[in-house]
Amino acid sequence: MISGLLNPWIRDLVPYSSARSEFSGSADVLLDANESWEGGNSGVNRYPDPLCRALRKEIESVMGLPYDMTAIGNGSDEIIDMLIRMFCAPGRDSVMIERPTYGTYSVFARTSDVSVVDIPLTPDLDLDEEAVLGGIEEHRPKIVFICTPNNPTGRVYPLEAVLRIADANPGITAVDEAYADFAADFRSAVPAIMDNPRIVVMRTLSKAYAAAGARIGILVASPEIQGVFMKAKPPYNVSLLAQEAGMRALQDAPRVRERIAETRRRREELSSFLSSLPFVRCVFPSEANFILIRVTDAASLYSYLLGKGIVVRNRSSDPMLGSTLRITIGSEEETGKLKEALDGWQG
Ligand SMILES: *Cc1c(COP(=O)(O)O)cnc(C)c1O
């Protein structure tokens, strides 16, 4: 079933066979990969594990994502790019997004000469299930991207709606759950992969696990799609340093839980503060580690904050997001500085 959706040149690809993937077991004389015999100061003279086995075992035990269903990308960005290259034929196929959403889906589509079908969210920024289903009928996109909790709105879509779309979609439904850890009682699409192997899920260590600099994105997919990803990806796509940093981030689980709780608490506190400001017209309820607000004049508030050394994201040019700013939940100190600056703004 999946093989009919894959680009034929990917399906038939004979993977590059790296020295380390041909070899399994233990040996102490490694003369197979033309590496340096000595590490110098860097300590990284050996190639990393192309399969990220230790990291994926840790992901299984900490995050509960089954080992044979995960693959690691150099950030979720690489996973998005790879999915498009696996399933979409340049110059012919399309992907679907529900705008406003994360910007990289359409950028990676365009770099592969794949067109983008935009389905607007409902006026209150919810997933427009009917419009998505209609768009699938009409355009037959190879991949439907669904971001939940959505960036930049912070909105979680009902899992039932996501699964109805995935079941009706003859192509791939890629559910981006980058902010799942911050949502209360979040219901993931991962268990649904068993029944519908056209669903793939993306997770990341960049947000709740505090490892954005390591670039660790996680693909969760049927073993069939996972296997194709493994053979089509660049062999050494996740560096040794990144794999080690990812392991450390996962082993820090108690601290991760504390940080998530703290982030949620601060999110609620900052939301009520923002609601009390006269120039804030709307605080969108968020399940992520950021808050989207609509203000009287986003452009001047943005420059005012910049003048105070505070950078937020101006989302005003997104469809339906006129005069909005997206603010990340920062540290106690950063949040304090933000509040102080906002208190002094004469909007
Ligand atoms: C931040 C973010 C990611 C994470 O991307 P990485 O490349 O893993 O850092 C993925 N999806 C969305 C919607 C995001 O906002």
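No experiment lies behind these values; they were computed from the predicted model shown. Every number for a ligand or one of its atoms is a count from 1 in the order of the listing.
Considering backbone and side-chain atoms alike, Y105 places every N or O at 3.5 Å or more from each N or O of ligand 1.
Heavy atoms of R215 found under 4.0 angstrom from ligand 1 belong exclusively to the side chain. Neither the backbone nor the side chain of M202 comes within contact range of ligand 1; no heavy atom lies under 4.0 Å.
Every atom of ligand 1 with a heavy atom of C147 under 4.0 Å away is listed here by number and element: 13 (C). Within ligand 1, counting atoms from 1 as listed, the ones closer than 4.0 Å to a heavy atom of K207 are 1 (C), 2 (C), 3 (C), 4 (C), 14 (C), 15 (O). Of all the atoms in ligand 1, the ones that sit under 4.0 Å from a non-hydrogen atom of S206 are 6 (P), 8 (O), 9 (O).
With no hydrogens or angles considered, no side-chain donor-acceptor pair links D49 and Q243 at under 3.5 Å. Side chains of E334 and S331: a donor on one and an acceptor on the other come within 3.5 Å.
In the candidate list L205, D176, N150, D176 is nearest to atom 12 (C) of ligand 1, counting heavy atoms.
Atom-to-atom distance recorded for S115:OG and H139:NE2 is 9.0 Å, nearest 0.5 angstrom.
For the pair R259 and A208, the tightest heavy-atom approach, listed with the atom from each and the gap, is NH2-O, 3.1 Å.
Scanning the protein heavy atoms around atom 15 (O) of ligand 1, the nearest turns out to be Y179 OH, 2.7 Å.
When atom types are taken as modelled, the side chain of R315 and the backbone of P152 share no donor-acceptor pair closer than 3.5 angstrom.
With ring centers used as reference points, F290 lies under 6.0 Å from Y179.
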